[in-house]
Amino acid sequence: MSTTLEETLAQVGPRLRRIRTQREVSLSALSEATGISKSTLSRLESGQRRPSLELLLPIAQAHQVPLDELVGAPDVGDPRVRCKPLVRNGRTVIPLTTQPGPLQAWKSIIPAEQNQPRPITHEGYEWMYVLSGRVRLVVADHDLVLGPGEAAEFDTRLPHWFGPAGNSPVEVLNLFGRQGERVHVRAKPRPRAGK
């Protein structure tokens, strides 16, 4: 048995005694409430008897506490994804996948002022889902407007761009593979300032 498990089990007895005494419950009263003999309860509290579910469940019910409180179970890891937003090319990008893998997910928030198409190309295939706002999607010769709940998928080797279809920001979810993380190559160069 692992050292951690042994240590956890060794703490059950003292924890049982502490909970019972804090509630000012006698061994006799607890025995009556649980149907467990006084001697068994005493041996549990002193560590002379190994705790089992058959013994701990009635005790937890009698004290009206979760079983975890009697056992001192470790906290379970939080399943929420906590990623820091990044700003890339004026867009707020929130990575939703934390591990490397064949697909990566992102939430993008695109400000209203980024409503002029600037097509780019890169390796990969992209899937996009509109969360809020009206999104203009330009892929090669196609120029579409998507609303909340609509999705699109396209080959990113084709010149493409997406952004607000009007004067309001938009939010989208994007899925793409590792090849989609390569440096973007513009389909045509941006005009230089002052020219």
Side-chain angles (χ1 to χ4, degrees), residues 1-88 91-110 123-133 148-153 156 169-182:
M1 201 176 302
S2 75
T3 307
T4 306
L5 181 57
E6 282 294 335
E7 290 170 0
T8 301
L9 289 174
Q11 294 303 311
V12 172
R15 190 173 286 112
L16 290 173
R17 176 172 287 142
R18 184 173 55 254
I19 291 170
R20 181 179 60 77
T21 55
Q22 284 174 346
R23 287 173 165 63
E24 299 179 355
V25 175
S26 68
L27 278 175
S28 298
L30 187 57
S31 174
E32 191 175 309
T34 61
I36 301 169
S37 71
K38 266 177 54 174
S39 64
T40 299
L41 291 171
S42 178
R43 285 185 287 139
L44 268 174
E45 288 183 0
S46 67
Q48 295 173 351
R49 170 94 188 239
R50 191 174 280 285
S52 67
L53 275 177
E54 291 80 15
L55 296 172
L56 294 176
L57 284 173
I59 295 170
Q61 288 174 338
H63 289 311
Q64 297 183 348
V65 297
L67 186 59
D68 288 358
E69 192 173 324
L70 296 183
V71 178
D75 291 334
V76 176
D78 190 340
R80 291 177 289 189
V81 176
R82 290 189 171 97
C83 297
K84 293 182 181 178
L86 310 167
V87 177
R88 290 191 179 153
R91 298 175 175 207
T92 301
V93 180
I94 304 163
L96 301 175
T97 45
T98 56
Q99 301 297 319
L103 285 178
Q104 295 294 306
W106 300 81
K107 176 181 176 183
S108 300
I109 303 167
I110 308 165
E123 290 293 316
Y125 203 79
E126 189 160 341
W127 180 88
M128 178 179 65
Y129 178 84
V130 180
L131 293 169
S132 68
E150 290 190 287
E153 58 180 325
T156 58
V170 296
E171 294 183 33
V172 297
L173 288 179
N174 303 90
L175 292 175
F176 52 88
R178 283 180 176 254
Q179 66 274 26
E181 294 175 355
R182 291 185 184 161

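When reading the values below, keep in mind they use all heavy atoms of this one structure, side chains included, and skip hydrogens, waters and symmetry mates.
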Return yes when atom CD of Gln22 has more than 12 non-hydrogen atoms of other residues, nucleotides or ligands closer than 6.0 Å, and no otherwise.
yes

Using modelled atom types and a 3.5 Å cut-off, is there a donor and acceptor pairing between side-chain atoms of Ser31 and backbone atoms of Ile36?
yes

Is there a donor-acceptor contact under 3.5 Å from the side chain of Thr156 to the main chain of Glu126?
no

Nearest heavy-atom approach of Ala62 to Ala33 is CB-CB, 4.2 Å

Value for CG (Leu70) from CG (Leu55), rounded to nearest 0.5 Å, stands at 11.5 Å

Taking only residues two or more places apart in sequence or in another chain, which ones pass side-chain hydrogen bond (donor to acceptor under 3.5 Å, both in side chains) with Ser108?
Asn174

Donor + acceptor pair across side chains of Ser37, Ser39 (<3.5 Å):
yes

Are there more than 12 heavy atoms of other residues, nucleotides or ligands under 6.0 Å from atom CD of Glu32?
no

Any donor and acceptor pair, going by atom type alone, linking the side chain of Thr34 with main-chain N or O of Ile59 inside 3.5 Å?
no

With rounding to the nearest 0.5 Å, note down the distance linking CG in Leu131 to CE in Met128.
10.5 Å

Using modelled atom types only, decide if a donor and an acceptor are shared between the side chain of Arg43 and the backbone of Gln48 within a distance under 3.5 Å.
no

What are the two closest non-hydrogen atoms of Glu45 and Leu27, and how far apart are they?
OE2-CD2, 3.9 Å

Do you know which of Arg49, Arg17, Arg50 makes side chain to side chain contact (heavy atoms under 4.5 Å, CB included) with Leu44?
Arg49

Closest non-hydrogen contact found for Trp106 with Val93 is CE3-CG1, 2.7 Å

Rounded to the nearest 0.5 Å, what separation is found between the CG atom of Leu16 and the CD atom of Glu69?
10.5 Å

For Thr97 and Ala105 the tightest heavy-atom approach is OG1-N, 3.2 Å

Check whether any side-chain heavy atom of Val170 sits under 4.5 Å from a side-chain heavy atom of Val130, and report yes or no.
no

In this structure, NE2 of His63 is separated from CZ of Arg20 (nearest 0.5 Å) by 7.5 Å

Which value, rounded to the nearest 0.5 Å, describes the distance between Gln64 atom CD and Arg23 atom CZ?
8.5 Å

Rounded to the nearest 0.5 Å, what separation is found between the CD atom of Glu153 and the CG atom of Leu175?
10.5 Å

